[in-house]
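Start at 1 and go down the list; that is how both ligands and their atoms are numbered.
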Amino acid sequence: MTVRSTCPYCGVGCGVVIRPDGQGRVTVTGDPDHPANHGRLCSKGSALAETLGLDGRLLVPRIAGKDSDWDSALDLVAQRFQHCIAEHGPDSVAFYVSGQLLTEDYYVANKLMKGFIGSANIDTNSRLCMASSVAGHRRAFGSDTVPGQYEDMELADVVVLVGSNLAWCHPVLYQRLAAAKERRPEMTIIVIDPRQTATCALADLHLQITPGADVALFNQLLVALADRGALDPAFLARVDGFDEALAAARRSADAPTGLTERDLAAFVGLWLGTERVVTVYSQGVNQSQQGTDKVNAILNCHLATGRIGRPGMGPFSVTGQPNAMGGREVGGLANALTCHLDIENAVHRQAVQTFWSAPTMAGQAGLKAVDMFRAVEEGRIKAIWIICTNPAVSMPEAARIRRALAACDFVVVSDCMADTDTTRLADVVFPAATWGEREGSVTNSERCISRQRAFRASPGMARQDWRILAGVAARMGWSHAFSWSSSAEIFAEFAALSGVAARLGSDFDISAHEGISPARYEALAPFVWPATAERQGGRFFGAGQFHTPSGKGRMVPVTPAPAPVTDLPFRLNTGRIRDHWHTMTRTGQSPRLSAHLAEPFLEIHPEDARRRGIEPAALVWVYNTHGRALLRALITDRVRPGEVFAPIHWTGETSAAGRIADLVTARVDPVSGQPDSKAAAVDLQAFKAGWYGFAISARAFRPGSDYWALARAEGGWRAELAGRIPPSDWQAWARALFGCPTATVSAVSDPRRGLVRLAFSEGDRLVAALFVARDPVALSRGHVTAALGSAPDPSFLAGQPGRGAPDAGATVCACFGVGVNTITAAIRAGHGLTVAELGASLRAGTNCGACQPELKALIARHRRVPACQPA
Ligand SMILES: Nc1nc2c(c(=O)[nH]1)N[C@H]1C(S)=C(S)[C@@H](COP(=O)(O)OP(=O)(O)OC[C@H]3O[C@@H](n4cnc5c(=O)[nH]c(N)nc54)[C@H](O)[C@@H]3O)O[C@H]1N2
Ligand SMILES: Nc1nc2c(c(=O)[nH]1)N[C@H]1C(S)=C(S)[C@@H](COP(=O)(O)OP(=O)(O)OC[C@H]3O[C@@H](n4cnc5c(=O)[nH]c(N)nc54)[C@H](O)[C@@H]3O)O[C@H]1N2
Ligand code: SF4
Ligand SMILES: [Mo]
């Protein structure tokens, strides 16, 4: 039996094929027939089979921290919500949901809140993610429509990546782009990012822009396009607002961008000389105090040149979550209605209410995420249900969110994992089925809808999210409207509703699937919407037909916003790393994925580090009035002076103080309500560590030192540690930490140098080890960790492989476990002067290809260059 499904991670939406091996395990490979990936996968997709264990899964409903049963938990939630609504009105309750829900789950949550509870207080983590793109699309197109298709990136002559680290965040698209460039080296790729990222390995031009200056840059481009005769007058006849937008752009023509004249001229020159331009943008654009204006600054340039909706051209918002798009389609945002209808439009509301036979209908937009949690804080929202998201870690000013949830009357959380920073704050926790167990559909960045299919039963009592929602809805008295027996029936209803919406002018129309049978739903192949009797997929707007009342597109006048005023010296940028997904509840289960970057870090420029006395690999406090985080210093000129970067993935479960969103400002874009997550003002202070440590253990353990970061390792766990004052008895400390009071110990120590090394064995198996030093611990972590569970050899405490067994170094290629030292040695020996050669000699980079940018960088750094050639 093989099952075709869709990867649960990013918005590329790759198809996967799952093959159970008959012994309870499965293999997961790329689906060669899926249009998003044609068989490719990235490191995260390739490691899916490793994340299916039941470790940490939530298996039963919990009430007040105690195991319960479905009837008690569903009854309680229905009663408490009903009580709140009766006492304080429908706006006293809220749902906070997620772009990782399947469309069917999302549809049900939205239907329950907007049509039956009668409030629009349902918002989603897409507010932190795509809201500015949604708002920008609506302003320009009259609808939230992504015009293009992935193949446009391959067909383009110029691809501009704005605020997108595609190599790490949309790796399969990056691979498709890299392959296209290999076929057509004349294709030009431009990266616009204040930080030098892995994506820059593919770039012909990296514009290391001043953060936030994107509006200024695209305004300058618009002026140049106008002045140099690069507009498309025929298309402009189909666009309103050109004069106002150009006038606004001229007013900001000399706003600073941080770029040299030469770089600016090169950027403009490429636009002038090329018709086929695709602009891909992501969180460097959306997550900004003027994210919506940034989006429209980009769309303005495409509308003015008519480069939209035709092969090889167009603006392209790449979505983050696997179903960010599906969530927008079901109307999961507080200011949206289902099927891309308008919640402010009475005709639209009436049509939906009639279709649903709903007793009531939200009459206006609800609270957006930041405001929603403020209302929780202020006691205006008395009951909140959080589904498939971890806001205690991911919301801006996250410490404040945790305090608000702790003080809230009634918090319900649906999650597949037992212990997250958010489930810890819940009164009721529902065990959700997750990827591999749930049935439904998702929409990727190019509007392709594909099925996620179950290939195993839900463990314990876990249930799919829509069933939990429908269970509560039924207990609130609405069983007639929530009585589906399968995901197929929900999809059929949603498809029918999209036909109603299309007749009211909506772009979103999948009415071809109205009334789809369970058998056809089961077999449903990926398809791009719209899907109607007349039209299947394709691009939008190429002919100048938009969804505005006039049918014309709209250019929006935008001007750069002044930088926020602050007296703190550093600007904190935040984002993602290659091998982890968000708060790591899934990718954190995989030792391979945890080996690439195993602890939270802060990228800091060498000049800043020197000035602040921060040594390489030392620890540094990052702080502001909202909170603080303790991170490993990664001193690098990839960031600009005055700017620091930290990853978003570490939580209270995996680190002592790695939750970076604690410091992120809740300042939002005024149009979209999306937080400015890449621009917190912070200060730094070196942490005075009295000791540093590295620990491994076969059994789970939870350190309590001032600094710790915990990760999965093959056969157990590993942790980085540090503290101010060393314990007086290291052996007793370690035995308590690892829970091995009677294990045999072997030890070396050198008190003068603060060095302690302890290895604990039970029988002849190494069960735990601790390496302590006064400076950051230097040893081969891969080598040490690999010894877990086997008999330690006498030289184990040396912490390095013996002679003849080279130290592979930190993992670069996650698929084949190839380390940095192995790669560097091959390059130096001349066996790997190209990525292809490294692949041939070491296999590195030959499976998912996600490490290819890093391989390129290593080649550039370590190859021996003949004296007559520049390095
Ligand atoms: N490996 C991995 N992949 C993921 C995810 C994950 O957790 N892990 N999450 C998924 C999700 S939900 C999302 S939303 C996407 C996000 O995908 P991306 O948006 O590509 O990722 P980020 O790292 O958040 O930010 C992108 C870049 O924006 C830059 N930036 C910051 N400020 C500015 C600015 O003012 N202007 C410009 N031009 N650039 C700026 C940052 O330096 C950063 O390199 O990734 C998806 N894919
Ligand atoms: N500082 C800063 N903050 C950010 C960002 C940033 O760039 N910088 N990015 C923002 C963005 S773009 C995003 S998308 C968010 C992501 O932030 P979150 O959505 O909070 O992160 P996840 O870890 O994906 O949370 C998903 C949760 O759902 C659970 N889960 C998985 N499958 C299921 C299921 O089938 N059902 C249920 N009920 N639960 C399930 C997981 O265990 C996990 O606890 O973070 C945002 N926060
Ligand atoms: S690019 Fe990677 S994470 Fe994204 S959908 Fe494809 S395999 Fe999954
Ligand atoms: Mo996202």
R447 to W529 six-membered ring, cation-pi geometry met (6.0 Å, 45°): yes

Nearest-neighbour protein heavy atom for atom 21 (O) of ligand 1, which is reported as residue plus atom name and distance: C169 SG, 3.3 Å

NZ or CZ of R195 within 45° of F645 ring axis and under 6.0 Å: yes

Test log, rule side-chain hydrogen bond (donor to acceptor under 3.5 Å, both in side chains), inputs S133 and N286: CA-CA 6 Å; S133 281; N286 294 334; 2.8 Å; yes

N or O pair under 3.5 Å between I209 and ligand 1: no

Polar contact flag for N573 and ligand 1 (N/O pairs, less than 3.5 Å): yes

Proximal ligand 3 atoms for V172, defined as those under 4.0 Å from one of its heavy atoms: 1 (S), 6 (Fe)

D421 (side chain) donor-acceptor with A392 (main chain) under 3.5 angstrom: no

Minimum-distance protein heavy atom relative to atom 1 (N) of ligand 1: I577 O, 2.8 Å

Residue selection (non-hydrogen contact nearest atom 5 (C) of ligand 1) among E643, R576, E603: R576

Heavy atom of the protein closest to atom 14 (S) of ligand 1 (residue, atom name, distance): Q283 NE2, 2.7 Å

N, O or S atom of C10 closer to atom 8 (Fe) of ligand 3 than 2.8 Å: no

Which of the ligand 3 atoms, numbered from 1, are nearer than 4.0 Å to a heavy atom of G13: 5 (S)

Residue and atom name of the nearest protein heavy atom (relative to atom 13 (C) of ligand 1), distance in Å to one decimal: G320 CA, 3.1 Å

Candidate pair E154 and R176, rule salt bridge (Lys or Arg N to Asp or Glu O under 4.0 Å), full reasoning: CA-CA 7 Å; E154 296 162 324; R176 286 180 61 168; 2.9 Å; yes

Proximity flag S164 to ligand 1, non-hydrogen atoms under 4.0 Å: yes

Sub-4.5 Å side-chain heavy-atom contact between Y174 and W168: no

Close approach, M130 and ligand 1, non-hydrogen under 4.0 angstrom: no

Heteroatom proximity flag, L166 to ligand 1, N/O under 3.5 Å: no

Of N125, D415, T651, T422, the residue whose pairing with N390 passes side-chain hydrogen bond (donor to acceptor under 3.5 Å, both in side chains): T422

Polar proximity ligand 1 side, K294 side, N/O cut 3.5 Å exclusive: yes

With D676, the side-chain hydrogen bond (donor to acceptor under 3.5 Å, both in side chains) member among R667, Q287, Q289, Q290: R667

Candidate with minimal heavy-atom separation from atom 18 (P) of ligand 1, of P322, A167, S282: S282

Taking atom 2 (Fe) of ligand 3 as the reference point, the nearest protein heavy atom with its distance: C42 SG, 2.3 Å

From CG (L101) to OG1 (T389), nearest 0.5 Å: 9.0 Å

Among Y281, W271, F316, the one residue meeting ring pair (Phe, Tyr, Trp, His ring centres under 6.0 Å) with H302: W271

Pair R40-D31, salt bridge (Lys or Arg N to Asp or Glu O under 4.0 Å): steps then yes or no: CA-CA 7 Å; R40 297 178 176 89; D31 182 350; over 6 Å; no

For atom 35 (O) of ligand 1, closest protein heavy-atom neighbour: G212 N, 2.7 Å

R592 with D579: basic N within carboxylate O range, under 4.0 Å: no

For atom 8 (Fe) of ligand 3, closest protein heavy-atom neighbour: C7 SG, 2.3 Å

Sub-4.0 Å heavy-atom contact, L41 with ligand 3: yes

Under 3.5 Å donor-acceptor, K856 side chain and L202 backbone: no

Atom 6 (Fe) of ligand 3: nearest protein contact (heavy atom, Å): C14 SG, 2.3 Å

Per-atom contacts of ligand 3 with P171, taking only distances under 4.0 Å to non-hydrogen atoms: 1 (S)

Nearest protein heavy atom with distance in Å, relative to atom 8 (N) of ligand 1: H580 O, 2.6 Å

K44 N/O to ligand 1 N/O under 3.5 Å: yes

Check ion pair R632-E599 (N to O, under 4.0 angstrom): yes

H649 and ligand 1 - part of the residue with a heavy-atom distance under 4.0 Å: side chain

Atoms of ligand 3 close to Y9 [distance to a heavy atom under 4.0 angstrom, numbered from 1]: 3 (S)

Polar proximity ligand 1 side, H582 side, N/O cut 3.5 Å exclusive: yes

Contact check: F645 vs ligand 1, nitrogen or oxygen atoms, below 3.5 angstrom: no

Nearest-neighbour protein heavy atom for atom 37 (C) of ligand 1, which is reported as residue plus atom name and distance: D214 OD2, 3.5 Å

Residue, atom name and distance, where the atom is the protein heavy atom closest to atom 31 (C) of ligand 1: K678 CD, 3.3 Å

Candidate with minimal heavy-atom separation from atom 26 (C) of ligand 1, of A213, G163, A850, S394: G163

Nearest candidate to atom 44 (O) of ligand 1, where distance is taken over non-hydrogen atoms, out of T319, D193, V191, N165: D193

